[in-house]
Enquirer: 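Before anything else, here's the structure in question.
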Amino acid sequence: MKTNTKIYIAGHRGMVGAALMRRLHRAGYTNFVTRTSQELDLRNQAATAEFFAQEKPEVVLLAAAKVGGIVANNTYRGEFIYDNLLIQSNVIHNAYVHGVKKLLHLGSSCMYPQLAPQPIGEAYLLSGPLEPTNEPYAVAKIAGLKLCEAYRAQYGCHFITLLPTNLYGPGDNYHPEHSHMVPALLRRFSEAVALEQPNVEVWGTGTPRRELLHVNDLADACLYLLRHYDEAGPLNVGTGEDHTIAELAELIARLTGFEGTISYDHSRPDGTPRKLLDVSKLHALGWHHRIGLEAGLREVLASAEWWSATGALFNPASPAPWNAERPRRTNMAWPASIRRHRPAAS
Ligand SMILES: NC(=O)c1ccc[n+]([C@@H]2O[C@H](COP(=O)([O-])OP(=O)(O)OC[C@H]3O[C@@H](n4cnc5c(N)ncnc54)[C@H](OP(=O)(O)O)[C@@H]3O)[C@@H](O)[C@H]2O)c1
C-alpha cells in the first residue's frame, strides 16, 4: 500500500473509524475519502453505488455499522439486523464492482456462539447458538464475513474480516443506556465520586470475564494486517487476556478515586459468561497488542476527549480534529455538580 493510495474509511467519525484515520495518518497516508452518514447513508443502495463510481477508492476500511451495548442491541433488534445487512452488502458489493484492491471488514467477537469453548478459536464460528440479546447484530455481522468470503471465492476479491474483542478508548459512547461496559463503568464511578455517593451498583453478577482492547491497538493491528494478511475466514484481534467485571469495576473505582462500596444488580443480564479470543493466529502473523488495560484506562480518564464526550463542562482542550465536526454522541444531562468535578486521572 503506497502512501498516496486512495483509502475510503466508512464510518470515519466512529470510535474505530477515527482511530484508523489517526493511525493511517501517522503512518504517512494522506489520500482519504470520507462521508458522514448524513452525506451518504450506506443503507441506500443507489447512493452507495454512485459514491463508489465517482470516488473509485483503492482500499476500503468498513468501520460503518449500527453499534451499541447490550440494551441497545436487545431493544432495537430490527434496526441492528436491517441496518448492518444493508451497510455491509452495499459497501462490499460496490467494492467488488469498482475493483477495490483490498477491503477490511470489521466484524466482532459477538459473532461467536454464546457458549463457545474458551479461548475462542476462529474454528468455533457457527458452531452453536448465539447470545440471544445481540443475535440480530451477530447474524448480520456473520453475513458480512460470508459476503467477503463468497466474493473472494467467486471473484478473487482481496476482502478480509477481522473479529475484534471488546474495545475501549477515544471516541467511545458514554450514553447512559446505549454504551458498552467500559464507558458505562467510567461514567458511573466518576458520577459517584462527584456526587459523593457511597455505593456504585454494577449490572449483573460481576463474574463474567471480558477481554478488552484499546482502540488504538486495534487500529495498529488493522494497518499491520492490511499489509501482511490476505485470507478468507475470520481473524481474531484481541489481547488474549481477560478480567472479571468485578476486577474491572475495582480497577475503575481506584482510577476514578471512588472509595465507596460496589454492589451487583443480579436482576440485570450478564450476557456471555466468558469471551476470550484465541489470538494465536494473530500472534503467529506477527502482531501483539501494546497498551495495557490500566495504562489505557488512565489515558482515557486523562483525555480532554473524555470530558467532552461525557458532556462535562470542565473541558481543558478542544476536541481532537477528527471528532470536531461530530455531534456529541451522548444526550446526557449531568447534574451541575458533576460538570464542575474532575476526578483524579492518575
Ligand atoms: N466498539 C466496540 O467495542 C467494537 C468491538 C468489536 C467490533 N467493533 C466493530 O467496529 C465497527 C465500528 O464500531 P464503532 O465502535 O466504531 O462504532 P461507532 O462509534 O458507533 O461508529 C459507527 C460509524 O458508523 C457510521 N454509520 C452508522 N450507520 C451508518 C449509515 N447508515 N450510513 C453511513 N454510515 C453509518 C457512523 O457514521 P456517522 O458518525 O457519520 O453518523 C459512525 O461513524 C463495527 O463494525 C463494530 O462491529 C466494535
Side-chain angles (χ1 to χ4, degrees), residues 8-21 34-48 51 60-95 103-112 130-148 159 161-184 215 218-219 222 234 237 269 271-272 275 309 323 325-332:
Y8 170 41
I9 303 182
H12 71 290
R13 296 195 302 176
M15 181 185 185
V16 173
L20 285 169
M21 197 148 175
T34 58
R35 293 288 187 281
T36 67
S37 59
Q38 287 80 30
E39 291 163 346
L40 172 62
D41 185 343
L42 292 168
R43 296 171 301 180
N44 184 325
Q45 191 176 28
T48 308
F51 163 77
V60 172
L61 306 181
L62 178 45
K66 186 165 185 69
V67 177
I70 193 167
V71 173
N73 266 277
N74 203 20
T75 308
Y76 307 109
R77 296 175 74 86
E79 287 177 45
F80 271 81
I81 190 164
Y82 179 82
D83 286 14
N84 286 313
L85 283 172
L86 289 185
I87 291 169
Q88 295 162 179
S89 301
N90 290 335
V91 172
I92 293 168
H93 179 70
N94 280 292
L103 176 143
L104 185 153
H105 166 235
L106 282 150
S108 163
S109 57
C110 70
M111 290 156 65
Y112 285 114
L130 297 162
E131 210 278 307
T133 54
N134 62 25
E135 188 188 63
Y137 176 75
V139 166
K141 286 276 156 193
I142 292 169
L145 162 73
K146 292 297 164 189
L147 264 173
C148 289
F159 295 172
T161 300
L162 307 184
L163 272 56
T165 190
N166 304 295
L167 303 172
Y168 71 98
D172 220 333
N173 180 352
Y174 292 88
H175 189 281
E177 286 168 10
H178 301 157
S179 56
H180 286 115
M181 182 181 53
V182 171
V215 71
L218 172 66
C222 288
V237 182
T272 305
K275 209 162 67 169
N323 285 329
E325 85 277 25
R326 190 166 198 215
R328 200 170 269 172
R329 304 176 68 216
T330 60
N331 295 314
M332 297 187 305

Enquirer: Under the criterion side-chain contact (heavy atoms from CB on, under 4.5 Å), which of Thr161, Val60, Leu162 is the partner of His105?
Expert: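 Per the side-chain contact (heavy atoms from CB on, under 4.5 Å) rule, the option paired with His105 is Thr161, out of Thr161, Val60, Leu162.
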
Enquirer: Do Asn73 and Thr133 touch side chain to side chain, with heavy atoms closer than 4.5 Å?
Expert: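 Of all side-chain heavy-atom pairs linking Thr133 with Asn73, none is under 4.5 Å.
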
Enquirer: Side chains of Pro164 and Val215, heavy atoms from C-beta outward: is any pair under 4.5 Å?
Expert: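 No; the side chains remain at least 4.5 Å from each other.
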
Enquirer: Using a 4.5 Å cut-off on heavy atoms from C-beta on, say whether the side chain of Asp83 contacts that of Tyr76.
Expert: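 Counting from C-beta outward, Tyr76 and Asp83 never come under 4.5 Å.
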
Enquirer: Kindly state each residue pair satisfying salt bridge (charged side-chain N to carboxylate O under 4.0 Å, His left out) with at least one member in residues 60-69, sequence neighbours excluded.
Expert: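 Residue pairs passing salt bridge (charged side-chain N to carboxylate O under 4.0 Å, His left out), neighbours aside: Lys66-Glu79.
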
Enquirer: When you measure from the side chain of Gln88 to the backbone of Ala143, do you find a donor-acceptor pair of N or O atoms at a distance under 3.5 Å?
Expert: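 The answer is no, because no donor-acceptor pair under 3.5 Å joins these two groups.
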
Enquirer: Check Phe80 against Gly68 and note the closest heavy-atom contact, atom names and distance.
Expert: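 Residues Phe80 and Gly68, closest heavy atoms: CE2-N, 3.6 Å.
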
Enquirer: Any side-chain heavy atom of Asn173 sitting closer than 4.5 Å to one from Pro183?
Expert: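 With C-beta onward as the side chain, the pair stays apart.
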
Enquirer: Taking the side chain as everything from C-beta on, heavy atoms only, tell me whether Leu103 gets closer than 4.5 Å to Val91.
Expert: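 Yes, side chains in contact.
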
Enquirer: Go through it in stages, so that I can follow the logic: the residues are Leu218 and Val237, the test is side chain to side chain contact (heavy atoms under 4.5 Å, CB included), and I'd like the CA-CA distance, side-chain angles, deciding distance and then a yes or no.
Expert: CA-CA 7 Å; Leu218 172 66; Val237 182; 3.8 Å; yes

Enquirer: Would you check if the side chain of Asn84 reaches a backbone N or O of Tyr137 as a donor-acceptor pair within less than 3.5 Å?
Expert: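 Checking the backbone N and O of Tyr137 against the side chain of Asn84, no donor-acceptor pair under 3.5 Å is found.
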
Enquirer: Out of the candidates Leu20, Leu167, Val67, only one should pair with Met15 under the side-chain contact (heavy atoms from CB on, under 4.5 Å) rule; please name it.
Expert: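 Going through Leu20, Leu167, Val67 one by one, the side-chain contact (heavy atoms from CB on, under 4.5 Å) with Met15 is satisfied by Leu167 alone.
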
Enquirer: Indicate yes or no for a side-chain donor-acceptor contact from Asp172 to the backbone of Tyr168 under 3.5 Å, with no hydrogens or angles considered.
Expert: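 No.
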
Enquirer: Atom CG in Leu106, atom CG in Leu61: separation rounded to 0.5 Å?
Expert: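 Output value for this atom pair is 8.0 Å.
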
Enquirer: Using side-chain heavy atoms (C-beta onward) and a distance below 4.5 Å, is Ile92 in contact with Leu62?
Expert: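 Yes, at least one pair of side-chain atoms sits under 4.5 Å.
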
